[in-house]
Amino acid sequence: MIIYPDTNIIVCIEKGELSLEQIKEHFGTDELILPYSDGHLYETDTMSAYGDFTKEQLLAVRFSVLDHISHEIWLTTRTKQIKKLSKPSEEAYKLICDYPDVERIKQGFEKNMPEEARKIFRKVTGLEQNVINHMAPSDIVDHLNKQLAEAGMGKFTDFVAEWEEQMKQTGEISRYDRIAMYFGLLDLMGFYKDKATEKSDFARMWDSNHADYAVETDGFLSRDKRARKKAELTYFLLGIQTPVYEI
């Protein structure tokens, strides 16, 4: 059984709050692999030294955990499409050359729509009440269409069509593009909205990245409720059958 772990699962294992044995027991199997991905490595690179720990020491611990839970199975898009390779995580880490710097992470997507504008949007459309958080997935799009139309904002499906048209300008739309699009739009609509910080947009990009990798496995495991709920709804909207688990 191959289950894709969100980074928060890896951090919990590092801290001793969760063990591989507990996860195996949760899924009822001793034959369990938790692969690591490019997404995990990107997030690993953001770790900063603290206390008596250097970044090199923190990296060594992370690589050890990744190799232990993954059996050195690496999901990567280094070849354009997601491929499953066998490689120690430290070696894979050294192959990635485009780690984002601090300024790029802070910038996120704020340049496209500042957080204050997002708040105003949700207030004008009546979406700040988070009603959709408690609705069945099959009812959410119709509700969003109605709310937006009543506010003179078109429809949710219009937003989706516009984003897809913009993405087509840069080439073929991938599954990851669509997953990231829905994660971003759903957050804008107030669906299990992430707490706004200078890193939240970038963090959401990684959440959608993990959700995409998880499609290649038997399920997505996360302790982040917002990420789980966005993944569940996005999978539903895209007709993806991958289950989402918590532990």
Side-chain angles (χ1 to χ4, degrees), residues 1-50 53-101 105 174-176 179-180 202-224 227-228 231 235 240-247:
M1 187 176 196
I2 300 178
I3 296 293
Y4 185 90
D6 200 348
T7 296
N8 51 69
I9 298 295
I10 296 165
V11 172
C12 285
I13 293 174
E14 282 181 352
K15 292 181 176 180
E17 300 171 354
L18 189 63
S19 70
L20 180 58
E21 291 307 313
Q22 287 176 302
I23 300 174
K24 288 180 178 179
E25 183 178 349
H26 181 77
F27 286 102
T29 179
D30 285 328
E31 303 298 322
L32 181 66
I33 294 175
L34 306 179
Y36 74 92
S37 71
D38 295 346
H40 292 128
L41 298 178
Y42 278 114
E43 289 197 85
T44 293
D45 190 65
T46 66
M47 293 191 301
S48 301
Y50 68 91
F53 298 99
T54 65
K55 181 170 182 175
E56 289 68 29
Q57 290 172 318
L58 295 175
L59 289 175
V61 172
R62 177 62 55 86
F63 296 145
S64 176
V65 170
L66 291 177
D67 290 347
H68 173 60
I69 67 176
S70 71
H71 295 248
E72 299 186 357
I73 298 301
W74 175 31
L75 298 181
T76 177
T77 53
R78 299 294 99 188
T79 54
K80 301 298 183 182
Q81 295 181 330
I82 295 177
K83 297 289 184 182
K84 185 190 299 181
L85 304 177
S86 179
K87 190 177 292 294
S89 56
E90 184 173 7
E91 290 184 24
Y93 174 80
K94 292 177 180 177
L95 292 175
I96 298 178
C97 304
D98 57 347
Y99 291 111
D101 57 28
I105 291 173
S174 67
R175 182 182 66 203
Y176 165 70
I179 289 176
F202 228 84
R204 191 177 314 109
M205 181 191 72
W206 276 317
D207 286 343
S208 57
N209 188 240
H210 292 313
D212 183 44
Y213 280 113
V215 176
E216 303 299 317
T217 71
D218 299 314
F220 182 32
L221 179 65
S222 176
R223 282 194 160 184
D224 182 341
R228 286 199 311 272
Y235 288 164
I240 294 171
Q241 302 302 311
T242 304
V244 179
Y245 300 104
E246 62 177 307
I247 186 171

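- For the atom pair I23 CD1 and I69 CD1, the distance stands at 6.5 Å (nearest 0.5 Å).
- For the atom pair L221 CG and I3 CD1, the distance stands at 7.0 Å (nearest 0.5 Å).
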Quick one, S37 with Y4, criterion side chain to side chain donor-acceptor pair (under 3.5 Å). Give me CA distance, side-chain angles, the key distance, then yes/no. CA-CA 9 Å; S37 71; Y4 185 90; 2.6 Å; yes
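- Among E90, E14, E56, the single residue meeting the salt bridge (charged side-chain N to carboxylate O under 4.0 Å, His left out) criterion with R62 is E14.
- Note that the OG atom of S64 and the CG atom of L59 stand 12.5 Å from one another [nearest 0.5 Å].
- Using a 3.5 Å distance cut-off with no hydrogens or angles, the side chains of N209 and Y176 do not pair a donor with an acceptor.
- Contact of the Y245 side chain with the F220 side chain is not registered, since no non-hydrogen atoms from C-beta on lie closer than 4.5 Å.
- The closest donor-acceptor contact from the side chain of H26 to the backbone of E246 lies under 3.5 Å.
- For D67, the side-chain hydrogen bond (donor to acceptor under 3.5 Å, both in side chains) partners two or more places apart in sequence, or in a different chain, are S89.
- Sorted by first and then second residue, the salt bridge (Lys or Arg N to Asp or Glu O under 4.0 Å) pairs with a member in residues 21-34 read E21-K24; sequence neighbours excluded.
- A salt bridge links R175 with D212: at least one charged nitrogen is closer than 4.0 Å to a carboxylate oxygen.
- You'll find the side chain of Y213 reaches within 4.5 Å of the side chain of T77, heavy atoms only.
- A side-chain donor-acceptor contact under 3.5 Å links T7 and E43.
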Where do Y93 and F63 land on the ring-ring contact (aromatic ring centres under 6.0 Å, His included) test, with the steps shown first? CA-CA 9 Å; Y93 174 80; F63 296 145; 5.2 Å; yes
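- The shortest side-chain heavy-atom distance between T76 and L95 does not fall under the 4.5 Å cut-off.
- Between Y235 and Q241 there is no side-chain heavy-atom pair separated by less than 4.5 Å.
- What you find for A92 and Y36 is that their closest heavy atoms are CB-OH, 3.3 Å.
- The backbone N or O of P5 sits less than 3.5 Å from a side-chain atom of H40, completing a donor-acceptor pair.
- Taking each heavy atom of I179 and A211 in turn, the nearest pair found is CG2-CB, 4.1 Å.
- For the pair D224 and N8, the tightest heavy-atom approach, listed with the atom from each and the gap, is CB-ND2, 3.5 Å.
- A distance-only check finds a donor-acceptor pair linking the side chain of D218 to the backbone of I2 [under 3.5 Å].
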Could you go through S222 and R228, starting from their C-alpha distance and side-chain angles, then the distance that decides it, and tell me whether this counts as side chain to side chain donor-acceptor pair (under 3.5 Å)? CA-CA 6 Å; S222 176; R228 286 199 311 272; 5.1 Å; no
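- Contact annotation: the side chain of I10 never approaches that of T44 to less than 4.5 Å [non-hydrogen atoms, C-beta and beyond].
- A donor-acceptor contact shorter than 3.5 Å is absent between the side chain of D6 and the backbone of I9.
- Between the side chain of T29 and the backbone N or O of L32 there is no donor-acceptor pair closer than 3.5 Å.
- S70 places a side-chain N or O within donor-acceptor distance of the main-chain N or O of L66, the cut-off being under 3.5 Å.
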Show, in sequence, the C-alpha distance, side-chain angles and deciding distance for K84 and E216, and conclude whether the salt bridge (charged side-chain N to carboxylate O under 4.0 Å, His left out) test is met. CA-CA 9 Å; K84 185 190 299 181; E216 303 299 317; over 6 Å; no
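- L75 places none of its side-chain heavy atoms less than 4.5 Å from the side chain of D38.
- Between Q57 and V61 there is no side-chain heavy-atom pair separated by less than 4.5 Å.
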